Amino acid sequence: MMKKPIVITIAAVGGGGKTTAIELLNKQLGNTKALFFDDYDFEGPSDLVDWARRGGDYNEWKLTPFIRDVTMLLEEKESKPDYILLDYPFAKLNNEMNEFIDLTIFIDTPLDIAMSRRILRDYGHSSGDDIRKDMTAYLSGAREAYMMMIDKIKPNSDFVIDGALDKQVIVDQIKEIIIRKFT
């Protein structure tokens, strides 16, 4: 009987380094598959600021397409991965996903570093007005959603990694956690 793939989620605020960490882990661990939350369209709260202010119930998100793809990877017969890496921001706070997750990691990136990364990543060819609009939205309530992640997701994760560290150091720490826990 083939061994079940280990499902590992990595969460962080936007710009926190989760996608970069998963891309590097995907190359370095071998026999992995990765899914990225932002590649999906989900049914969920239409106003994230309002959602955060109401307490941010992660079960309001219907993750059906994501769950379908996780299930397909778990059931693969021919090329079953050893690890399924999920760029997934909810840790174990969405009841539909809990049964699939073996390990949750939160990259705890200071908000100023995360914002700097987001600006560099998302606004390289944008006008100053676009950046000002995003900063206004951040100060007008989006920051609350970021803070909610730190307040809710971080303590509900199995491990917390310092997001101010170099990306390779972060990946090395995650690999060490995986090796310690699963080998």
Side-chain angles (χ1 to χ4, degrees), residues 3-42 44 48 58 61 63-76 78-94 97-98 100-126 134 142 145-146 149-150 153-154 156-183:
K3 166 173 96 162
K4 174 191 167 291
I6 297 165
V7 178
I8 301 164
T9 70
I10 298 181
V13 298
K18 59 191 171 295
T19 301
T20 298
I22 286 181
E23 288 171 345
L24 290 170
L25 284 166
N26 206 25
K27 291 177 186 171
Q28 294 176 25
L29 283 176
N31 198 24
T32 63
K33 299 283 178 140
L35 299 176
F36 299 88
F37 190 81
D38 290 343
D39 290 345
Y40 294 82
D41 291 319
F42 297 110
L48 292 180
Y58 291 91
W61 295 84
L63 304 175
T64 305
F66 198 65
I67 291 169
R68 180 196 63 233
D69 287 353
V70 170
T71 302
M72 282 184 1
L73 290 173
L74 287 168
E75 294 173 352
E76 275 192 22
E78 299 299 317
S79 58
K80 189 176 290 255
D82 292 327
Y83 303 101
I84 300 172
L85 306 173
L86 303 179
D87 176 334
Y88 171 70
F90 300 162
K92 292 184 179 173
L93 295 179
N94 180 287
M97 276 294 295
N98 286 349
F100 303 104
I101 299 170
D102 298 305
L103 176 69
T104 58
I105 296 172
F106 184 80
I107 302 174
D108 188 16
T109 305
L111 293 181
D112 61 323
I113 293 173
M115 180 178 291
S116 298
R117 289 179 183 164
R118 280 185 43 251
I119 290 170
L120 292 170
R121 177 190 71 203
D122 297 344
Y123 294 102
H125 301 291
S126 300
D134 190 33
Y146 282 74
M149 282 196 76
I150 294 167
I153 302 300
K154 180 180 171 181
N156 282 288
S157 297
D158 298 318
F159 292 92
V160 177
I161 303 287
D162 181 356
L165 297 171
D166 177 78
K167 63 186 173 186
Q168 189 57 55
V169 174
I170 291 169
V171 169
D172 290 344
Q173 288 184 4
I174 295 170
K175 283 187 337 191
E176 186 173 316
I177 290 167
I178 293 167
I179 289 166
R180 256 193 348 247
K181 188 156 175 65
F182 298 108
T183 57

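For the numbers below, each heavy atom of this structure counts, side chains included, while hydrogens, waters and symmetry mates do not. None of the values given here were measured: they were computed from a predicted structure. Residue numbers run from 1 in the order of the sequence given.
How far CZ of F66 is from CZ of F100: 11.0 Å, rounded to the nearest 0.5 Å. A distance of 15.0 Å separates NZ of K18 from CD1 of I161, quoted to the nearest 0.5 Å. In this structure, L103 CG and I177 CD1 are separated by 7.0 Å, a value rounded to the nearest 0.5 Å. The OG1 atom of T183 sits 10.0 Å away from the CD1 atom of I178 when rounded to the nearest 0.5 Å. Within the model, atoms CD1 of I6 and CD1 of I101 stand 14.0 Å from one another, a figure rounded to the nearest 0.5 Å. Between the CD1 atom of I174 and the CD atom of E176 there is a distance of 11.5 Å, given to the nearest 0.5 Å.
Taking all atoms of both residues into account, the shortest heavy-atom contact from P110 to G163 is CD-C, 4.4 Å. Closest non-hydrogen pair, E76 versus P81, comes out as OE1-CD, 4.3 Å. In terms of heavy-atom proximity, G14 sits nearest to R118 at O-CD, 3.3 Å. Minimum heavy-atom separation, M149 to A12: CE-O, 3.4 Å. Considering every non-hydrogen atom in both A91 and T9, the closest pair reads CA-OG1, 4.4 Å. Scanning both residues, I105 and I8, for their nearest heavy atoms gives CD1-CG2, 4.3 Å.
Contact annotation: the side chain of W61 approaches that of L63 to within less than 4.5 Å [non-hydrogen atoms, C-beta and beyond]. Side-chain contact between F182 and D82 is absent, with no heavy-atom pair separated by less than 4.5 Å. Within the 4.5 Å cutoff, the side chain of N156 has no heavy atoms near those of the K92 side chain. Residues Y58 and M97 have side chains not in contact (no heavy-atom distance under 4.5 Å, counting atoms from C-beta outward).
Each side chain to side chain donor-acceptor pair (under 3.5 Å) pair with one or both residues in residues 163-174, not counting sequence neighbours, appears once here: Q28-Q168, Q168-D172. Listed by first and then second residue, the side chain to side chain donor-acceptor pair (under 3.5 Å) pairs that reach into residues 104-115 are T104-D158, D108-K154, sequence neighbours excluded.
Residue K27 qualifies as open at atom NZ: its count of foreign heavy atoms under 6.0 Å is 12 or below. Within 6.0 Å of atom CG in D41, 12 or fewer heavy atoms from other residues, nucleotides or ligands are found, so the atom counts as exposed in its surroundings.
Checking T19, I10, T20 one by one against D87, the side chain to side chain contact (heavy atoms under 4.5 Å, CB included) holds for a single residue, T19.
Partners of Y83 according to the side-chain hydrogen bond (donor to acceptor under 3.5 Å, both in side chains) rule, which considers only residues two or more places apart in sequence or in another chain, do not exist here.
Between the T32 side chain and the N26 main chain, a donor and an acceptor come within less than 3.5 Å of each other. The closest donor-acceptor contact from the side chain of K80 to the backbone of L74 lies under 3.5 Å.
The closest side-chain donor-acceptor pair between Y88 and N94, if any, does not fall under 3.5 angstrom.
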